[in-house]
There are 2 protein chains.
Amino acid sequence: MANQFGDRIRQLREKENLLLRQVAPQLEMDTPMLSKIERGERFAKREQVTQLSKIFNVPEDDLLSLWLADKVYDVVKDEDVAFKALSATEEELKINPNRKKPPR
Amino acid sequence: MANQFGDRIRQLREKENLLLRQVAPQLEMDTPMLSKIERGERFAKREQVTQLSKIFNVPEDDLLSLWLADKVYDVVKDEDVAFKALSATEEELKINPNRKKPPR
DNA sequence: TTATATTTGTCAATACTTGACAAGTCAGTA
DNA sequence: TACTGACTTGTCAAGTATTGACAAATATAA
């Protein structure tokens, strides 16, 4: 299963020699939950991506695109028109410029 | 909002001079629901895509990629790393060949 | 007006996701 | 072997989101 986001944050965490139990509370979650996110068993929430980029001092967009890619993969993974669908999405994005999500 | 799938099935339906109330029952849904799907207010279900391709006699993959594209668009539409994420998904798909969904 | 087609709004039922916890495995070390 | 610490697994209730069904509104034409 594709888990670019989880692999990355585990990598970052290990580089900093941090334990799950040290990072999890900063995201207001328990250790098992973070473990699941790192292994791709669960998706992090959008805001947690932001928090993680701060914790590990990396550009938010880097984590965000991995996180989004995992979500997209999850949508297309079972269909063999996956590539075709991604192209169609790109076309749509070109026509329909994406409006920013309202920040809360 | 992006609605390639809905636009297409409306186009097909009108080409055949069919009414919502003639098509909807074939999908076991009511007229308002099909109206919403055509206008992109709701997503059709995976099986309904198959049924629609049969009703309108078009290749399933054509409808399927539009339907999938709408779903993907829905995931990425609010983020400005959308393109980057789509590229990352394509890379992932190349590495991780997609397994077919188990037909039920 | 009347009839027909489509759209809009609401809401309960259903399904999915999340968070929290207990219990489990695994690796290292005394 | 037993103990410890780090992580993983399984379960389940709570919280969200989606769906289906219906009534009512709008629109268009005759």
Side-chain angles (χ1 to χ4, degrees), chain A residues 1-3 5-52 55-56 63-64 67-79 101-102 104, chain B residues 1-3 5-52 55-56 67-79 101-102 104:
Chain A
M1 100 85 64
N3 182 27
F5 178 74
D7 289 349
R8 182 60 169 284
I9 63 172
R10 170 149 297 185
Q11 187 187 64
L12 290 167
R13 182 173 63 81
E14 289 178 342
K15 201 182 69 185
E16 306 266 337
N17 276 103
L18 294 169
L19 302 174
L20 286 177
R21 74 175 152 76
Q22 294 176 299
V23 176
Q26 301 190 60
L27 302 160
E28 290 171 80
M29 64 174 65
D30 67 1
T31 320
M33 187 78 68
L34 182 53
S35 166
K36 282 168 188 174
I37 288 170
E38 285 189 349
R39 286 172 300 106
E41 197 186 305
R42 300 253 178 123
F43 284 112
K45 293 162 88 169
R46 174 65 181 79
E47 349 136 36
Q48 295 168 339
V49 178
T50 305
Q51 293 177 291
L52 283 162
I55 291 169
F56 295 127
L63 292 187
L64 198 48
W67 175 79
L68 259 194
D70 286 350
K71 292 215 153 217
V72 172
Y73 183 85
D74 195 54
V75 171
V76 303
K77 63 174 188 293
D78 294 324
E79 304 290 354
K101 191 182 206 168
R104 44 163 166 158
Chain B
M1 89 99 58
N3 182 27
F5 178 75
D7 289 349
R8 182 60 169 283
I9 63 172
R10 169 149 297 185
Q11 187 187 64
L12 290 166
R13 182 173 63 81
E14 290 178 342
K15 202 183 68 186
E16 306 267 336
N17 276 103
L18 294 169
L19 302 174
L20 287 175
R21 74 174 154 76
Q22 293 175 300
V23 176
Q26 300 189 61
L27 301 160
E28 290 171 80
M29 63 175 64
D30 66 2
T31 321
M33 188 78 68
L34 182 54
S35 166
K36 283 168 187 171
I37 289 170
E38 285 189 349
R39 287 172 300 106
E41 197 186 304
R42 300 252 179 127
F43 284 111
K45 293 160 88 169
R46 175 64 181 82
E47 348 136 39
Q48 295 167 337
V49 178
T50 305
Q51 293 177 289
L52 283 163
I55 292 168
F56 296 126
W67 175 80
L68 260 194
D70 286 350
K71 293 213 153 221
V72 172
Y73 182 84
D74 195 55
V75 171
V76 303
K77 64 175 186 294
D78 294 324
E79 304 290 353
K101 191 182 204 167
R104 42 161 168 167

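So that the names make sense, note that chain A is the first sequence line, chain B the second, and so on, each numbered from 1.
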Trainee: Separation of L20(B) atom CG from dT4(C) atom C1', in whole Å?
Mentor: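 Result: 12 Å.
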Trainee: Quick one: are R46(A) and E79(B) in side-chain contact, heavy atoms under 4.5 Å?
Mentor: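 R46(A) reaches E79(B) side chain to side chain.
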Trainee: Does R21(B) make a side-chain N or O approach to OP1 or OP2 of dT6(C) shorter than 4.0 Å?
Mentor: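 Answer no for this pair, as no side-chain N or O of R21(B) is under 4.0 Å from OP1 or OP2.
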Trainee: Just N and O in the side chain of R10(A): are any of them under 4.0 Å from OP1 or OP2 of dA6(D)?
Mentor: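 Indeed not, no polar side-chain atom of R10(A) lies that close.
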Trainee: From CD1 of I37(B) over to P of dG20(D), roughly how many Å is that when rounded to an integer?
Mentor: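 Computing the I37(B):CD1 to dG20(D):P distance gives 8 Å.
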Trainee: Is there a side-chain contact between M33(B) and R42(B), using heavy atoms and a 4.5 Å cut-off?
Mentor: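 A side-chain contact exists here, since the closest heavy-atom pair is under 4.5 Å.
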Trainee: Could you check if a side-chain atom of K71(B) sits within less than 4.5 angstrom of a side-chain atom of D74(B), using non-hydrogen atoms only?
Mentor: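 No; the side chains remain at least 4.5 Å from each other.
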Trainee: With a 4.0 Å limit, can you tell me whether T31(A) has a side-chain N or O closer than that to the phosphate oxygens OP1/OP2 of dC7(D)?
Mentor: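 T31(A) to dC7(D) OP1/OP2: no side-chain N or O under 4.0 Å.
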Trainee: Quickly work out the M33(B) CE to dG9(C) P distance and round it to whole Å.
Mentor: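 Going from M33(B) (CE) to dG9(C) (P), I get 16 Å.
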Trainee: For dT7(C) and R39(B) - does any side-chain N or O of the residue sit under 4.0 Å from the phosphate oxygens OP1/OP2?
Mentor: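 So the side-chain polar atoms of R39(B) do come within 4.0 Å of the phosphate oxygens OP1 or OP2 of dT7(C), strictly under.
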Trainee: Hey, does R42(B) reach any base, or is it just sugar-phosphate, or nothing, if we go heavy atoms under 4.0 Å?
Mentor: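 Counting heavy atoms under 4.0 Å across all strands, the contact made by R42(B) includes a base.
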Trainee: Which nucleotide wins on minimum distance to the side chain of L19(A), given the candidates dC7(D), dC22(D), dA5(C)?
Mentor: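 So the nucleotide nearest the side chain must be dC7(D).
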Trainee: D30(B) has an atom CG; how far is it from atom C1' of dA21(D), in whole Å?
Mentor: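 Answer to the nearest Å: 6 Å.
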Trainee: If you compare every side-chain N and O of K36(A) against the phosphate oxygens of dC7(D) (OP1, OP2), does one of them come in below 4.0 Å?
Mentor: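 For K36(A), the contact criterion (side-chain N or O under 4.0 Å from OP1 or OP2 of dC7(D)) is not met.
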Trainee: What's the CG-P distance between L18(B) and dA5(C), to the nearest Å?
Mentor: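 Roughly 12 Å, once rounded to whole Å.
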Trainee: What is the distance, to the nearest angstrom, from the CG atom on L34(A) to the P atom on dT9(D)?
Mentor: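 Distance, rounded to whole Å: 14 Å.
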Trainee: Could you grab the distance from atom CZ of R13(B) to atom CG of L20(B), nearest 0.5 Å is fine?
Mentor: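 Spacing of CZ (R13(B)) from CG (L20(B)) equals 4.0 Å.
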Trainee: Verify the contact: side-chain N or O of S35(B) to OP1 or OP2 of dT6(C), cut-off strictly under 4.0 Å; return yes or no.
Mentor: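 Answer no for this pair, as no side-chain N or O of S35(B) is under 4.0 Å from OP1 or OP2.
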